[in-house]
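Down below is the structure, laid out as structure tokens.
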Amino acid sequence: MPKSIPSRVLDGQRALVTGANSGIGAEVAKALAAAGAKVGVNYVTAKEQAEQVVAEIAAAGGEAIALFADVSKEDQVQAMFREMLAAFGTIDVLVNNAGLQRDSAFHEMTLAQWQFVLDVNLTGQFLCSREAIREFLRRGMVPDVSCTLGKIICMSSVHEIIPWGGHANYAASKGGVGMLMRTLAQEYGPHHIRVNSINPGAIKTPINRSAWETPEAERSLLTLIPYGRVGVVADIGKAAVWLASDDSDYVTGHTLYVDGGMTLYPGFSTNG
Ligand code: NAD
């Protein structure tokens, strides 16, 4: 893995990461805390995992709280934001990370499977972004903390642009996230709110365990990744710190693929 220099680029900022009890969200929460942010660690299930993330952040000298909410439920999202603001005063960074899959051949997909994935992966990002933007606008600019009014990072996927048979609900939700992100970046740019997305390729987490847990599965996965390794959560954590910090000021409406080249059509590398 590449070496990195610890920095405190998020000192004084407050961040909320959804779905932060597992996988990418847990790492993003820890990386933001290591960079100096106070962090809200959202969970909907497995509270003990969220408390473990909070404990790891505290053990490393950071500050975090666990926050319950199903991101697809308006009242629960609003209650979570009230709790976040009561604990930390405001919010500077939202990471819309919560997401899931309910896979099915399209002709067998139930409306419930379709709706559940859209509700969590897309409506969840709408509900959380709306609360964050309301708070950014209410609080106003605090130049000592950041040169932006606020930052939103949307966790999308390579399947925002790579079609994915058997996962039409997931791919459609991430396609929607891309347009939500760009529209918010356009609408709130004049307020100095930056909105970007991180689109991971294959990152080793519980969501895709079957794709990497055996050597055969990993070999097959690697044929899709020009850079020659499967991603790890730290790859995403580092990207999130950069997008959350003023180091990426002037970057908004951007889709950052962190995918080892998965979106480079590797099947065409030798004459197609
Ligand atoms: P994961 O299953 O480890 O984490 C997903 C998290 O979302 C879990 O903490 C889960 O509890 C939470 N969640 C699900 N429904 C929720 C709800 N209604 N309210 C609140 N939280 C909820 O998987 P991951 O790989 O860490 O996925 C994180 C994000 O990254 C997802 O949006 C996923 O689509 C995206 N992503 C992952 C990969 C990958 O290769 N791992 C690739 C592309 C995109």
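First listed ligand is number 1; within each ligand, the first listed atom is number 1. Treat the numbers as computed from the prediction; the structure is a model and nothing was measured. Numbers here simply count residues along the sequence, with the first being 1.
Between Ala20 and ligand 1, no N or O atom pair is found at a separation short of 3.5 Å. Checking only distances, Asn21 does come within under 3.5 Å of ligand 1, N or O to N or O.
Residue Gly201 places a heavy atom less than 4.0 Å from ligand 1. By the 4.0 Å heavy-atom criterion, Asn208 is counted among the residues contacting ligand 1. Not a single heavy atom of Gly231 sits under 4.0 Å from any atom of ligand 1. At least one heavy atom of Lys174 sits less than 4.0 Å from an atom of ligand 1. Note on ligand 1: Ala46 sits outside its first shell, no heavy atom being nearer than 4.0 Å. A heavy-atom separation below 4.0 Å is found between Tyr170 and ligand 1.
Here the heavy atom of the protein found nearest to atom 12 (C) of ligand 1 is Gly19 CA, 3.7 Å.
A salt bridge (charged side-chain N to carboxylate O under 4.0 Å, His left out) with Asp92 is found for one member of Lys151, Arg139, Arg194 and no other, namely Arg139.
Between Val117, Val71, Val53, it is Val71 that holds the heavy atom closest to atom 19 (N) of ligand 1. Of the options Gly23, Ala211, Cys154, Gly99, the smallest heavy-atom separation from atom 5 (C) of ligand 1 is shown by Gly99.
Arg102 places none of its side-chain heavy atoms less than 4.5 Å from the side chain of Gln115.
Counting heavy-atom neighbours within 6.0 Å of Glu213 CD, excluding the residue itself, gives a total above 12.
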